[in-house]
Amino acid sequence: MRAPSALILAVLTAGSACMAGVIPAAAEPAPVSSAAAVEDELLGKLTAIPGLTVVSQTRSIGYRFFVLRLTQPVDHRDPGRGTYQQRLTLLHRSADAPTVLSTGGYSLPITPRPSQTEPTRLLDANQVSVEHRFFRTSRPDPMDWKKLDIRQEADDEHRIVEALKTIYTGRWIQTGASKGGMASVYHRRFYPDDVDGVVAYVTPNDRVNPSDRAYDDFFAKVATRACRTALENVQIEALKRRKRLVPKLVRAAALDGLTFRRSLGTPDRSFELTVLDTAWVFWHYSRGTDCSEVPATAASDDEIYDWIDDLADFSFNTDQGIARYIPYYYQAASQLGWPELKFAHLRHLTRYPKLYQPNSVLPPELRPKHDPKPMLDVDRWVRKESSRMMFIYGENDPWSAERFTPSQNDSHLYVAPRIGHSANISWLSPADRAAAIATLERWAGLSDGVTVNSPTPPPLPADDMLPTRGKR
């Protein structure tokens, strides 16, 4: 549900200063001229969509790639309260091919490049990738944080689908991973007729925020006892040695020009949060075969510090490291929920109660009251009323501890064995993989004999839809 791991919690100050640390977008090319659009049928159709701006385009054999901006209301309930520019990209294969709507849940790259999600590759489809409202350049000025909620983003995506269905009239499939998977579920909840199916990867479902025993149960059972013990011991050793390890963090941060004052406040709080996150990040990205790399209790200070740094990246919990995720922390605190772990093995070593939650680090001006109703509503709808939804989880992924339960209406859940947060269809057992692909193709209409009148494109980079963390 987030960028890198369980909480990656740290935030800047509220208001305009809050966003000052966000990585700025690169200078964008001038929008495509209307004269050029007249000479190009696809470009003409795009530029004819009200509020849509073609920022740039790339041509290659078998596809075209566009960076776009769409004017969106800040408040879909009251469109007169201003607009903002939402950034999206379009990978065009053919107007008669299926179209995949990819909701990342966070920001697009500063300079987007053509890539394919797994459903896009499997279906040889077009792909529309959306930057979530309030992330990177897709944010209003001024920021009205109360307009950052799951319904407003679903409304954004609905308008995108409506606009592009004037060009792409074939079947639509929505997909996303982690927080992007959550966005795809919420979109389907509010607009069940927009797309013909949803593939949601490693999608958390924190329907009752305080009831997080499932997460503690996960860490008590995952993989082998020896591996679990090794991870607990390295956390214990790190906190026991904080008098020696925190100064290492301070020196490293100073060399890189990193600060703590606007987010967690002190290097010691930042250090503790990263140590708390260590086991989560390990299972988030690693496999059981990586257990042999966990430092022993007799390891040196440098060995323990460097291993945690390589895995969880101490610089992540600095002002500069976490600035771009501020909108996530607000959403987690207000609606999405977060994992509340007990950390029983660290009870006498931690200094900051309730550090592992968003409101412990959000500035007072930005601390919302958690509203449990939206997640309860979505969970009930997915269980009882939804249709054509596919959930892919990883056996070793902490986020899989609290998962969605799909309905019986042509909906499915698959678990990839021994895989963490990178689980996808390709990691499923052969039988599950074949079943998932057959279902996806049926939803996309490919079993109806759809043909795509476009040259076969060269291979494109895979887009796993997940931000990264750590230095590995």
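Quantities reported herein were computed from a predicted structural model and do not represent experimental measurements.
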### Task
Determine whether Gln116 and Leu460 make a side-chain contact, defined as any pair of heavy atoms from C-beta on separated by less than 4.5 Å.
yes
### Message
Within the 3.5 Å criterion, strictly below it, is a donor on Thr318 or Ser315 matched to an acceptor on the partner's side chain?
### Response
no
### Query
What orientation do Tyr330 and Trp145 show, parallel under 30°, tilted 30 to 60°, or perpendicular over 60°?
tilted
### Task
Please confirm whether the backbone N or O of Trp443 pairs with a side-chain atom of Arg171, one donor and one acceptor, at under 3.5 Å?
yes
### Task
Using the six-membered ring of Tyr84, assess whether NZ or CZ of Arg133 lies under 6.0 Å from its centre and within 45 degrees of the ring axis.
no
### Task
Ignoring hydrogens and angles, state whether a donor on the side chain of Asn126 or Tyr63 is under 3.5 Å from an acceptor on the partner side chain.
no
### Query
Would the Trp283 and Phe219 ring centres measure less than 6.0 Å apart?
no
### Query
In terms of side-chain geometry, is the basic nitrogen of Lys373 or Asp371 positioned less than 4.0 Å from the acidic oxygen of its partner?
yes
### Query
Looking just at side-chain N and O atoms, do Arg188 and Ser386 make a donor-acceptor pair shorter than 3.5 Å?
no
### Query
Can Tyr201 and Glu118 be counted as having a side-chain donor-acceptor contact under 3.5 angstrom?
yes
### Task
Indicate whether any N or O donor in one side chain lies under 3.5 Å from an N or O acceptor in the other, for His187 and Asp156.
no
### Query
Can Thr117 and Asp463 be counted as having a side-chain donor-acceptor contact under 3.5 angstrom?
no
#### Entry: Exercise: do Gln85 and Ser138 side chains pair donor with acceptor under 3.5 Å
no
#### Entry: Donor-acceptor pair between His412 and Asp410 side chains, under 3.5 angstrom
yes
### Message
Pair Tyr393, Trp399 - check ring pair (Phe, Tyr, Trp, His ring centres under 6.0 Å), show working.
### Response
CA-CA 8 Å; Tyr393 290 102; Trp399 287 117; over 10 Å; no
